[in-house]
Amino acid sequence: MYFKYTGRINPATGRNEPYLRLVESYRNAEGNVCHRTILHIGFADELITPGQLNQIARLLTDRYQQKIALFEHEDELVRTWAKDLWQRIVKDKKIDLTLFAPDNRKIDADTMEHSNVREIGAEYMCQNIYKELRIDELLQANGFKPEHALLAQTQLISRAVYPASELATTQWIQENSAVCELTGYALEDINKDKLYRSALRLYSIKDVLERHLSVRTSELFDIQDKILLYDLTNTYFEGEKRNSKLARFGRSKEKRDDAKLVVLAMVVNVYGFVKYSSIHEGAFADTSDISSILRGLQYQSGQSPAMVVIDAGIATAENLQTIKDKGYHYLCVSRNKLKDYKFDTSRLTTIYERRAGKQLILKKIQSQKGDTDYYLEVKSPQKELKEAAMKHQFEERFEQGLEKIRMAIHRKGGVKAFDKVNRRIGRLAQQYPSVHKYYKIEVSADAFGRTATALHWSQDPLKAKEKLDGIGKYILRTDLNLNDEVLVWEVYNTIREIESTFRSLKNDLDLRPIYHKKDESTMAHLHLGILAYSLVNTLRCKLKAKGIHHSWPEIVRIANTQKVITTTGYNSAGNEVSVRKCSRPEEKLRGLYAALRLLARPFIKRKSEKSVVHKPTSEKIESPSQSGFT
């Protein structure tokens with residue numbers, strides 16, 4: 001029940017004034033929502049406020065549904081109005097008071113049927129994370145209409161739980177998921193074209209959204225972004241992409257050299273939360289200038305400059321200088337191999353024990369060229385054994401390839417042409433780039449220089465020794481003068497977090513491959529995946545704080561055990577009674593809900609032919625601004 005105002009001419013004053021009615025909603029035989037007036041209250045009383053009217057309507061509804069309040073309402077005016085109106089309803093028989101009577105809800109077990117079974121657990125958790133991130137408030141503040149904001153919420157939750165194309169997402173929402181019952185968006189209005197347009201609307205405020213999520217996640221987990229991780233990845237297209245400005249051939253990280261690529265550059269913090277992202281054409285190299293990325297981080301503020309951690313592929317001299325010029329510090333693997341250096345005798349060698357008994361040997365070194373940066377040599381015995389075995393294997397395969405070429409020269413019918421033999425050697429060297437440069441290869445030819453007569457090879461001892469000395473080692477470089485070798489290595493090791501972010505985006509959230517034909521749709525697709533990742537990473541961080549370290553697919557699998565089901569039967573009077581309820585969560589899911597401080601069931605909703613159909617409601621969880629996340 002609710003109160004509704006309409007304009008009418010007041011005979012006492014002759015003016016158009018608000019007229020008050022008590023109204024209920026119901027669904028007719030065709031399933032359409034209709035409204036029926038229960039009581040005509042009269043012209044509005046100035047002594048009653050809209051807030052009090054809402055409280056009166058709630059009291060009347062609870063009394064109609066025979067819900068007993070634990071405490072009496074404190075507002076005397078509200079109590080009086082509710083009592084008087086209820087007496088009028090009973091006297092005039094405006095509603096069927098037997099509808100919610102216990103006897104009328106007792107149904108014959110033989111007539112029970114279950115239908116409209118839908119998944120709800122993962123959607124429920126994602127919706128609460130969506131509310132904690134306050135994305136809806138941001139969308140409305142940036143001009144999103146209410147229906148567009150609801151569609152965006154539905155799409156983001158769907159993208160996190162069931163990452164797929166717009167067409168497949170539409171089918172999943174309509175046939176498998178209860179996400180629309182949670183968000184309130186009309187199920188019949190969902191289609192792929194609306195999802196396409198919704199993704200483009202979200203991309204139109206990309207920078208605003210990323211800035212908001214960056215600040216909000218830092219508030220939720222009390223994070224100070226002292227360390228930022230920067231890296232690039234790429235994903236490939238299916239199709240020719242002839243007219244695309246983004247799609248270019250390049251070095252594919254998925255070894256898809258046959259497909260055009262698009263590059264995604266991202267900055268995340270040590271907890272995996274995205275601070276900024278940008279999309280570039282497929283030929284964008286790791287060594288490309290990063291000034292545009294750093295400009296996107298200018299809204300970040302702190303007491304001291306943050307440290308940007310990058311890998312060796314990005315750590316060119318120009319990029320390092322750009323980082324310093326923008327007011328940041330850097331930490332990276334040295335791109336250039338230092339040859340003329342010595343160990344710092346003022347610092348002891350540190351042996352760092354890692355997990356599973358693995359060790360690292362850390363030594364501070366000094367450059368002989370007057371470089372003021374801090375350098376740290378990191379040596380891993382386990383890495384040394386692995387790289388030595390790989391080196392030996394590649395050398396064996398390379399020499400086996402040379403032996404085949406040599407035998408062909410001396411075999412009847414084999415390849416003997418001097419040019420062809422050299423081309424075969426070139427292709428072999430291209431196949432084994434890490435070892436061929438340590439070999440001296442000589443091809444002898446006849447007097448005319450046309451036919452190869454012999455092939456000889458040997459390892460260059462100086463180059464081979466240089467390679468052997470470098471096995472299992474790498475050198476870290478930073479512009480900060482630190483005196484803690486373990487701290488330097490641990491800070492650099494956080495770069496694994498951005499690698500984990502890329503894996504989650506590509507594998508868990510299905511960011512590859514891309515099927516969109518238009519560049520704007522491609523960018524919206526990538527941005528939608530990043531927004532969905534914000535939901536996923538926030539949820540996983542909250543669980544990690546409680547000691548739960550499940551992967552995202554495992555969380556979704558556990559959550560999908562909870563369904564929402566409609567159970568229908570007939571009572572003793574022959575009336576159909578329909579109840580739609582969420583199933584009881586299993587033990588593992590109860591553990592997830594407890595860690596997230598959620599109710600065990602998203603909602604409970606009853607309905608019948610004569611009952612009022614209410615929108616589903618879920619508990620609003622207010623998360624503390626600080627948590628014990630470690």
Side-chain angles (χ1 to χ4, degrees), residues 115-124 126-127 130 135 139 144-145 147-206 209 234-244 246-247 254 256 259-262 264 279 504-536 552-553 556-557 559-560 563-564:
S115 60
N116 198 14
V117 181
R118 292 176 177 267
E119 301 165 355
I120 196 170
E123 293 89 329
Y124 174 46
C126 285
Q127 188 197 34
Y130 183 92
I135 299 176
L139 298 183
F144 274 57
K145 296 179 180 178
E147 62 270 22
H148 293 163
L150 285 178
L151 178 59
Q153 180 183 167
T154 305
Q155 185 175 26
L156 275 181
I157 295 172
S158 303
R159 188 71 174 79
V161 178
Y162 184 77
S165 67
E166 282 75 6
L167 178 60
T169 300
T170 300
Q171 294 172 340
W172 176 76
I173 292 174
Q174 292 176 343
E175 299 173 7
N176 298 87
S177 175
V179 62
C180 284
E181 295 184 56
L182 290 172
T183 61
Y185 192 82
L187 179 64
E188 60 273 11
D189 291 341
I190 289 286
N191 59 61
K192 65 180 181 63
D193 294 327
K194 287 188 176 181
L195 294 179
Y196 274 121
R197 291 193 290 269
S198 177
L200 292 172
R201 276 193 295 268
L202 287 170
Y203 183 71
S204 67
I205 57 169
K206 168 189 172 296
L209 268 170
N234 53 41
T235 183
Y236 60 92
F237 291 93
E238 290 290 358
E240 297 183 359
K241 299 288 291 184
R242 293 182 179 178
N243 300 319
S244 172
L246 280 177
E254 287 95 12
R256 286 297 305 269
K260 292 183 178 180
L261 311 173
V262 62
L264 176 63
I279 302 168
S504 180
L505 281 168
K506 291 182 176 181
N507 299 332
D508 299 345
L509 297 175
D510 201 26
L511 210 61
R512 64 178 178 188
I514 301 174
Y515 296 93
H516 293 282
K517 295 181 180 180
K518 298 180 180 179
D519 284 349
E520 55 269 25
S521 298
T522 297
M523 293 186 287
H525 166 80
L526 294 174
H527 180 242
L528 193 65
I530 294 172
L531 292 180
Y533 169 77
S534 296
L535 296 182
V536 171
W552 179 238
V556 173
R557 184 195 68 79
N560 282 344
K563 315 289 185 182
V564 57

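Just the heavy atoms: all of them, side chains too, but no hydrogens, waters or symmetry mates, feed the values below. Just so you know, these numbers come straight off a predicted model, no measurement behind them.
Looking only at side-chain heavy atoms (C-beta outward), Leu195 and Leu167 stay at 4.5 Å or farther from each other. The shortest side-chain heavy-atom distance between Leu264 and Leu511 falls under the 4.5 Å cut-off. Using a 4.5 Å heavy-atom threshold, the side chains of Ile514 and Lys241 count as separate. Residues Leu139 and His148 form no side-chain contact, since every pair of their non-hydrogen atoms from C-beta on lies 4.5 Å or further apart. Taking 4.5 Å as the limit, every side-chain heavy atom of Leu246 sits out of range of all side-chain heavy atoms of Lys260. Glu166 places none of its side-chain heavy atoms less than 4.5 Å from the side chain of Asn191. With a 4.5 Å cut-off on side-chain heavy atoms, Lys145 and Arg201 do not count as touching.
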Less than 3.5 Å apart, which donor and acceptor atoms pair up between the side chains of residues 522-536 and the rest of the protein, not counting sequence neighbours?
residue	atom	partner	partner atom	Å
Thr522	OG1	Lys518	O	3.1
Tyr533	OH	Gly272	O	2.8
Tyr533	OH	Thr501	OG1	3.0
Ser534	OG	Ile530	O	3.3

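The two residues Ser521 and His516 come nearest to each other via the heavy atoms CB-ND1, 3.7 Å. When all heavy atoms of Ala247 and Phe237 are compared, the pair lying nearest together is CB-CE1, 3.7 Å. Leu509 and Ala160 get closest at one heavy-atom pair: CD2-O, 3.8 Å. Of all non-hydrogen atoms in Pro163 and Asp508, the two that sit nearest each other are CG-O, 3.4 Å.
A donor-acceptor pair under 3.5 Å is absent between the side-chain atoms of Arg512 and the main chain of Asn507, judged by distance alone. A donor-acceptor distance shorter than 3.5 angstrom exists from the side chain of Thr170 to the backbone of Lys192, with no hydrogens or angles considered. Checked by atom type and distance alone, the side chain of Gln174 pairs as donor or acceptor with a backbone atom of Ile190 at under 3.5 Å. Counting only distance, with no hydrogens or angles, the side chain of Lys506 and the backbone of Asn234 share a donor-acceptor pair below 3.5 Å.
Between the side chains of Thr183 and Gln153, no donor N or O sits under 3.5 Å from an acceptor N or O.
Within 6.0 Å of CG in Asn243 there are 12 or fewer heavy atoms belonging to other residues, nucleotides or ligands. Remark: Glu240 CD is loosely packed, at most 12 non-hydrogen atoms of other residues, nucleotides or ligands lying under 6.0 Å away.
Remark: Arg557 pairs with Glu554 by the salt bridge (Lys or Arg N to Asp or Glu O under 4.0 Å) rule, at least two apart or across chains.
Partner of Ser177 under the side chain to side chain donor-acceptor pair (under 3.5 Å) criterion, out of Glu119, Arg118, Glu123: Glu123 alone.
Counting only residues at least two apart or on different chains, the ring-ring contact (aromatic ring centres under 6.0 Å, His included) pairs with a member in residues 153-178 are Tyr162-Trp172.
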